[in-house]
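Here's the structure, in structure tokens; my notes come after.
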Amino acid sequence: MSCLFCKIIEGSIPSTAVYQDERCYAFADIAPQAPVHVLVTPREHIASMEATTEAHRALLGHLLWVATEIAHTKGLAKGYRLVINTGPEGGQTVDHLHVHLLGGRTLHWPPG
Ligand code: 5GP
Ligand code: ZN
């Protein structure tokens, strides 16, 4: 297995867990871009949004729901941002689907 996030999910590379269930694992980003920066990943290896099919619709909804629950747990009542970078021009650097949860500061728009 060569995927970094698969290794994090199975525990062979350490991470700071934030939430986990049978379908997903959420952990703190190693280089946080905001006071709260959590990555929500499916346990199943899916390379990116471009690798998803209709069979993943419920899982994708679950990832967004979990990210929102974490936002509530972290007290981000003033707002937060969910991001899924996709492909090289989309800024994706790890080829295992993940939802970024960013919050705890004012986030600007448009992104770089
Ligand atoms: P992407 O650029 O693919 O959207 O996001 C990848 C994210 O993974 C980046 O925010 C990066 O900081 C984070 N990351 C990369 N390697 C590791 C690691 O080994 N551990 C953790 N916790 N996060 C990582
Ligand atoms: Zn993977």
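This one's a predicted model, so the numbers in the text were calculated from it and none came from an experiment. In listed order, ligands and their atoms are each counted from 1.
- H98 and H96 have their aromatic ring centers separated by at least 6.0 angstrom.
- For atom 19 (O) of ligand 1, the choice among I84, V38, L4, L39 with the nearest heavy atom turns out to be L4.
- Considering backbone and side-chain atoms together, V94 places an N or O closer than 3.5 Å to an N or O of ligand 1.
- Using a non-hydrogen distance threshold of 4.0 Å, H100 registers as a contact of ligand 1.
- Side chain to side chain, S15 and Y25 meet the donor-acceptor criterion of an N or O pair below 3.5 Å.
- Below 4.0 Å from some heavy atom of F27 lie the following atoms of ligand 1, by number and element: 21 (C), 22 (N).
- Two residues are said to be in side-chain contact when any heavy atoms from C-beta on lie closer than 4.5 Å; R81 and W109 meet this criterion.
- Heavy atoms of other residues, nucleotides or ligands lying less than 6.0 angstrom from CD of E22 number more than 12.
- Under 4.0 angstrom from ligand 1, there are no non-hydrogen atoms of V83.
- Below 4.0 Å from some heavy atom of G91 lie the following atoms of ligand 1, by number and element: 1 (P), 2 (O), 4 (O).
- Looking only at side-chain heavy atoms (C-beta outward), L60 and L97 come within less than 4.5 Å of each other.
- Nearest protein neighbour of atom 8 (O) of ligand 1, counting heavy atoms only, is F5 CZ, 3.4 Å.
- Protein heavy atom at the shortest distance from atom 3 (O) of ligand 1 is T93 N, 2.7 Å.
- The ligand atoms of ligand 1 that sit less than 4.0 angstrom from a heavy atom of Q92 are 3 (O).
- In this structure, D29 CG and T16 OG1 are separated by 10.5 Å, a value rounded to the nearest 0.5 Å.
- Closest heavy-atom contact between Y80 and L107: C-CD1, 4.3 Å.
- With no hydrogens or angles considered, a side-chain donor-acceptor pair links S12 and E10 at under 3.5 Å.
- With 3.5 Å as the limit, one finds a donor-acceptor pair spanning the side chains of H56 and E44.
- With the Zn ion (ligand 2) as the vertex, atom ND1 of H45 and atom SG of C3 span an angle of 110° (nearest 10 degrees).
- Under a 4.0 angstrom heavy-atom cut-off, S15 registers as lying outside contact with ligand 1.
- Residue A31 has at least one heavy-atom neighbour below 4.0 Å for each of these atoms of ligand 1: 12 (O).
- Closest to atom 22 (N) of ligand 1, if we only count protein heavy atoms, is A28 O, 2.9 Å.
- For atom 5 (O) of ligand 1, the closest non-hydrogen atom of the protein is H98 NE2, 3.0 Å.
- Considering backbone and side-chain atoms alike, I30 places an N or O below 3.5 Å from some N or O of ligand 1.
- Between the Zn ion (ligand 2) and the N, O or S atoms of H96, the shortest distance is to ND1.
- Using a 4.5 Å cut-off on side-chain heavy atoms (C-beta onward), E54 and T52 make no contact.
- The aromatic rings of F27 and F5 lie perpendicular to each other, with more than 60° between the two planes, well past the 30° mark.
- For the residues D29, D95, L102, T16, the heavy atom positioned nearest atom 9 (C) of ligand 1 is part of D29.
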